[in-house]
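One structure is given here, and the rest of the page talks about it.
Owing to the predicted nature of the structure, the values given are computational and were not obtained by experimental measurement.
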Protein chains: 2
Amino acid sequence: MAQKELKEFIDNAGELYLAHLSLDCVVFGFRDSQLKVLLLKMKNSDKWSLPGGFVKPAESMETAAIRVLKERTGLSSIFLQQFHVFSDPGRSDNRERIAHLKKAGITVPPHHWFLQRFLSVGFYALVDYSTVSPQPDAFSDACAWRDIGEIGPLILDHSQILFKALEMLRLQLHYQPIGCNLLPPKFTMPELQKLYETILNRKLDRRNFHRKILSYGILRPLKEKRQGVAHKAPQFYSFDMVKYQKALKEGLGGV
Amino acid sequence: MAQKELKEFIDNAGELYLAHLSLDCVVFGFRDSQLKVLLLKMKNSDKWSLPGGFVKPAESMETAAIRVLKERTGLSSIFLQQFHVFSDPGRSDNRERIAHLKKAGITVPPHHWFLQRFLSVGFYALVDYSTVSPQPDAFSDACAWRDIGEIGPLILDHSQILFKALEMLRLQLHYQPIGCNLLPPKFTMPELQKLYETILNRKLDRRNFHRKILSYGILRPLKEKRQGVAHKAPQFYSFDMVKYQKALKEGLGGV
């Protein structure tokens, strides 16, 4: 977005969006045995941010998050979960905001909508990495995936938001199945185990993992096997979505 | 609170509190093998509501919730957990608000702070029933415990907020220990099991429950036994708070 458009956004935001409320999204993807997060590189800055946005007067938080994520990823159907409201009165530092805009040649009058205190609702999203087309927003000049282990400084309290999302995702692994949004439609047991291990950041015992995951009845073995592997070809599985949804609801499926 | 004070609250709210943000608290207590919720009876109405309030400009959501709960319960240290933002644009029906105030003899001018759309952050709290001194607020003439199974119609979307809180509490039982805020400092294994069964609304196998709960190392057996029971006197336990906190953090302790 050019400077003119950014200025227009700033000028009109107070009428288009609710006061002092924002949302930030931690979008997780899984690729090459790595957990990745979608980030935006701020214009005229070395810092990165989480994709986020504001709430229109007639939107629910969820509707606003779906709109924002569609703009950033091109996806219209995303697994999305509210996880926390970040509301520390000091969390949005106006100096950082003013400096960012100044670098873009934009001066914001005092008491402007943009310079209020913002409370932000955190969402996490789980997406199939291969289906996403990352798009920067008005404040950024790049939108890209970053390995969870290689993320540098983020703006405001975004590191804290990311950390909390990861914590919630890890907790979720203890009581709900995970994977149907992060893996392709068919996958092998080693691939599913690797996903769990990557999120938990520790090794799991192969036999225990298989036994537990199979005991929930959420996996359907397919006749096909993974081709082109050196040794014993691993079996493909897919999720039984009816049982998967039931396990999500009832808090079964943890490892 | 008299009508004058209620009118004063309405007149000044726009300056004292952030726009379009509220919070609602589902306060759970456990007594006589019943899960109970703290409710307020609205003035001039048959309806009840959850205890709730608004957010001051310099408060975090948590600070505001602690302040509100202190006013309603007298407790200054409460286990409190944010669980969801209720943000449906139609959730706060202004007609219901206006009618309530009209019955109290108060007319609110159009576009008043009180007649905005409100997004509400839901918290649930777990308290030791016996320590609470329920206090009504400006909009209510009673504050009382109600058995979870005997709750009538609530205002706005408060039934939905209560249901969601219960759902979250049930999910939590699958991955975190519970009880140290709902039970007195020492308790028997049957009492702990009854608490879990009451929240889950189903019977648990006694042996499995004992085995699982003991396996987490969060319980400390005491030398004392429950006195005055007819048959075999049950052993008292207390929570080992260091291990309890660790289990909370790591997502262990589910049944």
Side-chain angles (χ1 to χ4, degrees), chain A residues 14 17-23 55-66 81-92 113 116-123 157 164 166-177 199-202 212 216 247-255, chain B residues 14 17-23 55-66 81-92 113 116-123 157 164 166-177 199-202 212 216 247-255:
Chain A
Y17 301 104
L18 291 183
H20 57 74
L21 258 188
S22 61
L23 64 98
V55 188
K56 295 182 183 173
E59 282 179 332
S60 69
M61 289 307 308
E62 281 71 20
T63 312
I66 289 167
Q81 185 85 43
Q82 252 193 49
F83 68 94
H84 195 76
V85 185
F86 296 85
S87 63
D88 188 292
R91 65 172 292 277
S92 46
W113 175 91
Q116 308 165 86
R117 164 192 182 186
F118 276 88
L119 295 88
S120 193
V121 179
F123 284 84
D157 58 351
K164 180 89 181 170
L166 191 59
E167 202 178 75
M168 298 304 279
L169 188 63
R170 283 178 182 158
L171 270 185
Q172 198 189 332
L173 282 196
H174 293 290
Y175 67 90
Q176 288 182 324
I199 294 174
L200 292 171
N201 200 25
R202 61 179 166 87
K212 273 205 169 176
Y216 302 123
L248 269 183
K249 219 175 150 221
E250 293 178 359
L252 295 174
V255 293
Chain B
Y17 301 105
L18 291 183
H20 56 73
L21 258 187
S22 62
L23 64 98
V55 189
K56 294 182 183 173
E59 283 180 331
S60 68
M61 289 307 309
E62 280 72 20
T63 312
I66 288 166
Q81 185 87 43
Q82 252 192 46
F83 68 94
H84 196 75
V85 184
F86 296 86
S87 63
D88 188 293
R91 67 171 291 278
S92 45
W113 175 91
Q116 307 167 83
R117 164 194 182 185
F118 276 88
L119 295 88
S120 192
V121 180
F123 285 84
D157 57 351
K164 180 90 181 171
L166 191 58
E167 201 179 77
M168 297 305 279
L169 188 63
R170 283 178 181 157
L171 269 184
Q172 199 189 330
L173 282 196
H174 292 290
Y175 68 90
Q176 287 183 325
I199 294 173
L200 292 172
N201 199 25
R202 62 180 166 84
K212 273 203 171 179
Y216 302 124
L248 268 183
K249 221 178 147 215
E250 293 178 359
L252 294 174
V255 293

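- Residues B:Leu119 and A:Val121 are not in side-chain contact: their nearest non-hydrogen atoms beyond the backbone lie 4.5 Å or more apart.
- For A:His84, the parts sitting under 4.5 Å from any heavy atom of chain B are the backbone and the side chain alike.
- The heavy-atom pair separating A:Ala19 from B:His20 by the smallest distance is O-CE1, 3.0 Å.
- Nearest heavy-atom pair, B:Ala58 versus A:Arg117, reported as atom, atom and distance to 0.1 Å: N-NH1, 4.0 Å.
- A pairwise comparison of heavy atoms in A:Leu171 and B:Gln176 identifies CD1-NE2, 4.0 Å as the closest pair.
- Most heavy-atom pairs under 4.5 Å with chain A, from the set B:Asp88, B:Leu18, B:Thr63, B:Val55: that is B:Leu18.
- Only the side chain of A:Leu21 comes within less than 4.5 Å of a heavy atom of chain B; its backbone N, CA, C and O stay farther away.
- In plain terms, the two heavy atoms of B:Pro89 and A:Glu59 that are nearest each other are CG-C, 3.8 Å.
- Residue A:Gln116: no heavy atom, backbone or side chain, is found under 4.5 Å from chain B.
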